[in-house]
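These values consider heavy atoms only, across backbone and side chains, with no hydrogens, waters or symmetry-generated copies. The chains referred to below are lettered A, B, ... by the order of the sequence lines, with proteins before strands, and numbering in each begins at 1.
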Amino acid sequence: MKVFNTLLGKKEEFLPQGDEVKMYVCGVTPYSDCHIGHAMSYIIFDVIHRYLRFRDYKVRYVQNITDIDDKIIDRAGKLGISTHELAEKYTNSYFADMDALNIGRADIYPRATEEIPKIVEVIQGLITKGYAYSAQGSVYFRVRNVTDYGKLSRRSLESMIAMECAVGGEEKEHPMDFALWKVAKPGEPSWASPWGNGRPGWHIECCAMCLKYLGDTLDIHGGGQDLIFPHHENEIAQSESFTGKKPFAKYWLHNGLLQLGEDKMSKSLGNLITIKEALEKYSPDAIRIFVISSHYRSPLTYSEDALEAAERRVDRLTQAISRQDQTGGKGKALDAEPYRKQFIEAMDDDFNTAQALAALFNLVREINQAGDAGISFEKAQNNLLSMVQEVLGLKLPKPQKISDVGGISSRAAVGTPTVILGTVTARVNRLVEERIDCREAKNWQRADEIRNKLAELGVIVEDTEAGTVVTYKSIPSEGSLDSLMVELCVALSGYAN
RNA sequence: GGCGACGUAGCCAAGUGGUUAAGGCGGGGGUCUGCAAAACCCUUAUUCAGCGGUUCGAAUCCGCUCGUCGCCUCCA
């Protein structure tokens with residue numbers, strides 16, 4: 001298995017240190033709802049997480065929640081609530097979004113505010129070793145003491161200073177020194193420390209959590225490409241200086257960023273679509289397929305066309321999964337192994353989900369061909385299902401069966417309630433029965449009229465080999481059905497309800 | 001200004017030195033069906049932004065040009 005390591009700028013063989021893969025992915029700062037850029041990142045790492053387990057790795061997966069920082073303080077202040085209250089609200093919102101997208105949970109979600117002792121310990125250690133200094137109640141990291149600072153983002157201290165981008169903190173020794181501990185300002189939440197009351201700076205919380213929950217050396221550290229500098233660069237500087245061990249993480253994995261129109265979707269630009277908004281228009285499976293249709297390191301542009309196409313791809317998969325094998329398992333059977341091999345080969349090559357999907361869609365075609373040719377495909381179907389559900393994390397919900405009466409099979413489309421009033425189903429069934437009679441009498445015009453009128457009410461009628469199938473995309477009102485019956489001169493006789 | 005990524009059919013998107021350039025969406029034609037739906041078959045890039053170069057051979061390597069984007073400040 002090969003992975004692209006940002007640290008080396010190339011793919012390399014994936015060899016974790018021990019039996020258990022130690023994986024850390026940067027989590028959220030909960031001060032507002034997550035947008036689909038976050039969804040993209042967490043879907044990608046979810047697929048990586050799932051694939052590692054599919055390949056029989058044990059994984060210990062940690063993701064932080066940075067529940068104290070400038071933005072949280074600002075936002076809470078504006079809303080007149082505590083930072084804790086705000087952070088809890090959006091942490092819950094975050095978990096709800098992850099669940100909706102079928103993103104598997106990490107093993108541990110440490111919160112910055114609950115890890116202050118470890119954070120203080122690391123800062124103290126850095127001061128002792130000369131990698132940090134306190135100044136006016138704050139503590140800064142001394143970047144000059146790290147000879148290889150900039151190795152992840154491939155830039156030098158000189159080039160950073162040249163851009164006069166280094167800002168703030170008159171008390172800093174070097175413009176690029178960054179805060180490990182920020183002195184408390186009046187009215188802000190703060191914790192006691194050897195340097196006075198204050199709160200942790202950005203970067204240090206991830207470092208402390210990694211060391212505490214995963215040890216000195218991680219196997220995988222992941223996040224969006226926008227975190228390479230300064231966040232991950234600084235994490236490396238802190239951790240390696242504190243432990244004296246290199247590398248802090250063997251493999252650095254970074255996902256490309258989601259674009260919306262011309263720009264990156266981000267909280268600061270304000271051009272965002274929240275996960276909740278996206279889920280109002282598209283299914284979770286479609287959002288997942290959209291994300292994994294391209295390579296995780298490439299940027300991806302959000303567009304309605306792409307999401308609609310993803311929705312159609314989901315339909316195609318669902319269709320293949322739902323198809324009934326008519327052979328009873330007898331005779332020749334379709335062999336899915338070649339496709340499973342292709343799938344694994346693609347995923348082994350730096351999680352090439354786009355190529356892996358191609359293998360699955362080739363298998364879909366094979367299954368459909370087998371079905372048309374009367375060849376058994378049930379085993380192949382199960383094989384496909386395991387890859388799609390276990391690794392890609394799709395749920396592929398199917399329409400739920402409601403009833404099967406008089407040769408009319410009724411089902412509720414995904415997202416439509418399955419409990420429907422008997423008075424409604426009676427009327428629909430009566431109309432469908434009328435249509436069946438018309439078909440038998442070859443009165444095609446009237447049969448089609450009934451089908452079209454029902455479709456207008458959200459009731460789809462299809463004729464299959466197994467008989468007529470009714471799918472409720474929405475549930476029509478009794479009144480609208482009554483009007484339709486009057487219009488079509490169909491009586492409800494025999495369907496008293 | 002520095003660093004980096006990218007430009008493949010109508011759209012999304014793999015491929016990154018050598019058989020017919022994956023897969024999906026959309027379009028066109030056909031099979032099946034009374035007609036639809038689903039499915040299947042055929043079709044939709046003699047060509048990979050442009051121009052040079054290396055090579056027996058390049059979409060794939062090198063150079064230049066044009067265009068797009070990201071990071072360098074908070075960000076998944």
Side-chain angles (χ1 to χ4, degrees), chain A residues 6 9 25-29 31 34-45 63 69-71 74 150 153-156 158-168 176 202 222-231 233 254-259 262-269 272 289-290 292-295 297-301 303 305-317 319-320 322-323 342 346 349 352-362 364-365 367-373 438-439 442-445 447-448 451-452 455 460-465 469 471:
Chain A
T6 308
V25 173
C26 281
V28 289
T29 300
Y31 68 93
C34 288
H35 56 73
I36 49 180
H38 296 105
M40 174 180 174
S41 188
Y42 297 122
I43 287 169
I44 285 164
F45 286 104
Q63 197 177 101
D69 97 319
D70 294 352
K71 292 224 183 67
D74 285 354
S153 52
R154 266 169 267 279
R155 56 188 84 184
S156 65
E158 297 72 53
S159 70
M160 297 179 206
I161 304 164
M163 204 28 212
E164 102 269 330
C165 59
V167 287
M176 293 310 292
W202 190 36
Q225 281 171 351
D226 50 354
L227 295 180
I228 294 172
F229 191 90
H231 188 53
E233 195 70 69
H254 291 100
N255 63 274
L257 303 176
L258 190 76
Q259 315 283 132
E262 300 292 283
D263 301 299
K264 177 184 74 167
M265 182 177 295
S266 78
K267 290 185 182 179
S268 53
L269 289 172
L272 46 81
I289 284 277
F290 164 68
I292 64 178
S293 288
S294 71
H295 191 89
R297 281 186 283 117
S298 303
L300 183 62
T301 303
S303 77
D305 284 353
L307 267 300
E308 286 296 342
E311 207 76 75
R312 298 287 80 74
R313 297 185 89 170
V314 172
D315 289 345
R316 188 165 163 78
L317 285 170
Q319 192 74 34
S322 315
R323 197 165 170 152
Q342 286 173 24
D349 183 13
N352 193 333
T353 51
Q355 203 161 59
L357 272 177
L360 297 189
F361 277 98
N362 282 329
V364 164
R365 186 185 305 108
I367 288 172
N368 285 325
Q369 282 173 337
D372 288 358
C438 290
R439 291 187 73 215
K442 298 202 189 305
N443 186 352
W444 309 126
Q445 202 184 338
D448 290 349
R451 183 172 63 191
N452 293 339
I460 308 303
V461 179
E462 291 164 301
D463 305 311
T464 72
E465 277 184 15
V469 177
T471 306

Categorize A:Arg451 for me: base, sugar-phosphate, or nothing, with a 4.0 angstrom heavy-atom threshold over every strand shown.
base
Side-chain N or O of A:Asn368 closer than 4.0 Å to phosphate OP1/OP2 of B:rA38
no
With sequence neighbours left out, write down each residue that passes salt bridge (Lys or Arg N to Asp or Glu O under 4.0 Å) with A:Asp70, or none if nothing qualifies.
A:Lys182, A:Arg199
Each stem that RNA chain B is part of, given as range with range (3 or more consecutive Watson-Crick or G-U pairs, under 3.5 Å):
B:1-7 with B:66-72, B:10-12 with B:23-25, B:26-31 with B:39-44, B:49-53 with B:61-65
Touch class at under 4.0 angstrom, heavy-atom based, for A:Ala309 against every strand present:
sugar-phosphate
Under 4.0 Å, heavy atoms only, any strand: does A:Asp70 hit a base, just the sugar-phosphate, or nothing?
nothing
Between the base of B:rC40 and the side chain of A:Arg365, is there any donor-acceptor pair under 3.5 Å?
no
How is A:Asn352 classified with respect to the nucleic acid when contacts are heavy atoms under 4.0 Å: base, sugar-phosphate, or nothing?
sugar-phosphate
Is there a donor and acceptor pair, one atom on the side chain of A:Asp305 and one on the base of B:rC25, closer than 3.5 Å?
no
Parallel, tilted or perpendicular, as decided by the 30° and 60° cut-offs, for the rings of A:Tyr42 and A:His38:
parallel
Ignoring hydrogens and angles, does a donor from either the side chain of A:Arg439 or the base of B:rG34 sit under 3.5 Å from an acceptor on the other?
yes
Ring centroids of A:Phe361 and B:rG23 base under 5.5 Å with planes under 30°:
no
